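No hydrogens, no waters, no symmetry mates; every other heavy atom, side chains included, goes into these values. All figures in this text were calculated on a predicted structure; none of them were measured in a lab. Start at 1 with the first residue, then count along the sequence.
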Amino acid sequence: MIRRLQAVALDCSDPRRLAEFYAELLGGQIVADPEDPAWVEVHGFEGTPLAFQRVRDYRPPEWPGQQTPQQVHLDFEVDDIEAAEKRVLELGATVLERADQVRPEANWRVYADPAGHPFCLCLH
């Protein structure tokens, strides 16, 4: 029987750098084994820990294109989407789509983390 989801792992070329981005974003702490720099985790925030693993010849997902599909993305609930956007951009994210400004029913915006993984900020 499965007890719980242990972590969500993202492939990337620089696990430490990506862990730093998400640790700052979520207020978490980096957990790393100095003997294994190819795997870094972020713990200490509400929710499932995130893990980042080094992959040789990593290619970031393309969004919205599917030449290199996104395969997975993270959604983060926020109370103030403008303030949250400012923060993620300061941390190194890039805007992919401000869906809330294009579609009246949308309450989210899509970004790419520093390794190119799409993630959304969703207005609570």
Side-chain angles (χ1 to χ4, degrees):
M1 174 184 244
I2 295 173
R3 291 180 30 194
R4 68 180 178 96
L5 178 61
Q6 181 177 323
V8 174
L10 299 173
D11 292 348
C12 59
S13 60
D14 186 346
R16 183 70 186 204
R17 168 67 184 104
L18 201 53
E20 289 169 353
F21 172 83
Y22 283 104
E24 284 292 321
L25 178 67
L26 298 168
Q29 297 85 39
I30 293 175
V31 177
D33 178 351
E35 301 296 317
D36 184 12
W39 181 270
V40 180
E41 298 180 5
V42 176
H43 294 248
F45 59 92
E46 187 176 331
T48 301
L50 296 175
F52 309 94
Q53 68 179 355
R54 179 174 293 121
V55 172
R56 184 181 312 196
D57 301 324
Y58 170 74
R59 293 182 315 155
E62 293 179 13
W63 191 92
Q66 293 298 303
Q67 186 81 357
T68 307
Q70 64 180 331
Q71 298 174 5
V72 67
H73 75 270
L74 303 172
D75 287 347
F76 299 101
E77 184 177 294
V78 300
D79 291 321
D80 181 338
I81 203 162
E82 297 298 333
E85 177 176 279
K86 181 179 180 194
R87 175 123 171 92
V88 300
L89 295 178
E90 289 171 351
L91 293 172
T94 56
V95 176
L96 296 177
E97 180 185 55
R98 289 184 176 103
D100 63 325
Q101 296 176 357
V102 180
R103 296 187 293 271
E105 76 282 1
N107 70 335
W108 68 89
R109 294 181 185 174
V110 185
Y111 304 85
D113 69 22
H117 302 103
F119 70 92
C120 296
L121 297 178
C122 305
L123 189 58
H124 175 70

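- Every side-chain contact (heavy atoms from CB on, under 4.5 Å) that Pro60 has, sequence neighbours left out, goes to Tyr58.
- Contact record, Ala51 with Ala7: CB-CB, 4.3 Å, taken as the closest heavy-atom pair.
- In plain terms, the two heavy atoms of Val40 and Pro37 that are nearest each other are CG2-O, 4.1 Å.
- Here Gln6 pairs with nothing under the side chain to side chain donor-acceptor pair (under 3.5 Å) rule; sequence neighbours left out.
- Take Phe45 and apply the side-chain contact (heavy atoms from CB on, under 4.5 Å) test, not counting sequence neighbours, and it matches Leu26, Val42, Leu50.
- The side chain to side chain donor-acceptor pair (under 3.5 Å) check on Glu24 picks up nothing, with sequence neighbours excluded.
- The side chain to side chain donor-acceptor pair (under 3.5 Å) test applied to Arg87 returns no partner, not counting sequence neighbours.
- Under the ring pair (Phe, Tyr, Trp, His ring centres under 6.0 Å) criterion, the residue pairs touching residues 69-103 are Phe76-Phe119, with sequence neighbours excluded.
- Of the inter-residue distances, the one linking Ile30 atom CD1 with His43 atom NE2 reads 11.0 Å to the nearest 0.5 angstrom.
- How far CZ of Arg4 is from OG1 of Thr48: 8.0 Å, rounded to the nearest 0.5 Å.
- When all heavy atoms of Gln66 and Pro64 are compared, the closest pair comes out as NE2-O, 3.3 Å.
- A 4.5 Å side-chain heavy-atom check between His117 and Cys12 finds at least one atom pair inside the cut-off.
- Legend: residues meeting side-chain contact (heavy atoms from CB on, under 4.5 Å) with Thr68, ordered by chain and number and at least two apart, are Arg59, Glu62.
- Sequence neighbours left out, not one pair with a member in residues 25-41 passes salt bridge (Lys or Arg N to Asp or Glu O under 4.0 Å).
- Counting only residues at least two apart or on different chains, the salt bridge (Lys or Arg N to Asp or Glu O under 4.0 Å) pairs with a member in residues 92-118 are Glu82-Arg109, Glu85-Arg98, Glu85-Arg109, Glu97-Arg103, Asp100-Arg109, Arg103-Glu105.
- In this structure, Asp11 CG and Leu18 CG are separated by 10.5 Å, a value rounded to the nearest 0.5 Å.
- In the hydrophobic cluster analysis, where Ile, Leu, Val, Met, Phe, Trp and Tyr join through side-chain heavy atoms closer than 4.5 angstrom, Leu5 is grouped together with Val72.
- The local environment of CD in Glu46 is sparse, with at most 12 non-hydrogen atoms from other residues, nucleotides or ligands closer than 6.0 Å.
- In this structure Asp80 satisfies the side chain to side chain donor-acceptor pair (under 3.5 Å) test with no other residue, sequence neighbours excluded.
- Clustering of Ile, Leu, Val, Met, Phe, Trp and Tyr side chains at separations under 4.5 Å places Val110 together with Trp63, Leu96, Trp108.
- Both Leu25 and Leu89 are part of a single hydrophobic cluster, where members link through side-chain heavy atoms under 4.5 Å apart.
- Of all heavy-atom pairs between Tyr111 and Ala93, the closest is CB-CB, 4.4 Å.
- No more than 12 heavy atoms of other residues, nucleotides or ligands sit less than 6.0 Å from atom CD of Gln67.
- Clustering of Ile, Leu, Val, Met, Phe, Trp and Tyr by side-chain heavy atoms under 4.5 Å joins Trp39 with none of the others.
- The shortest non-hydrogen separation linking Pro15 to Gln53 is CG-C, 4.0 Å.
- For the pair Leu74 and Val8, the tightest heavy-atom approach, listed with the atom from each and the gap, is CD2-CG1, 4.2 Å.
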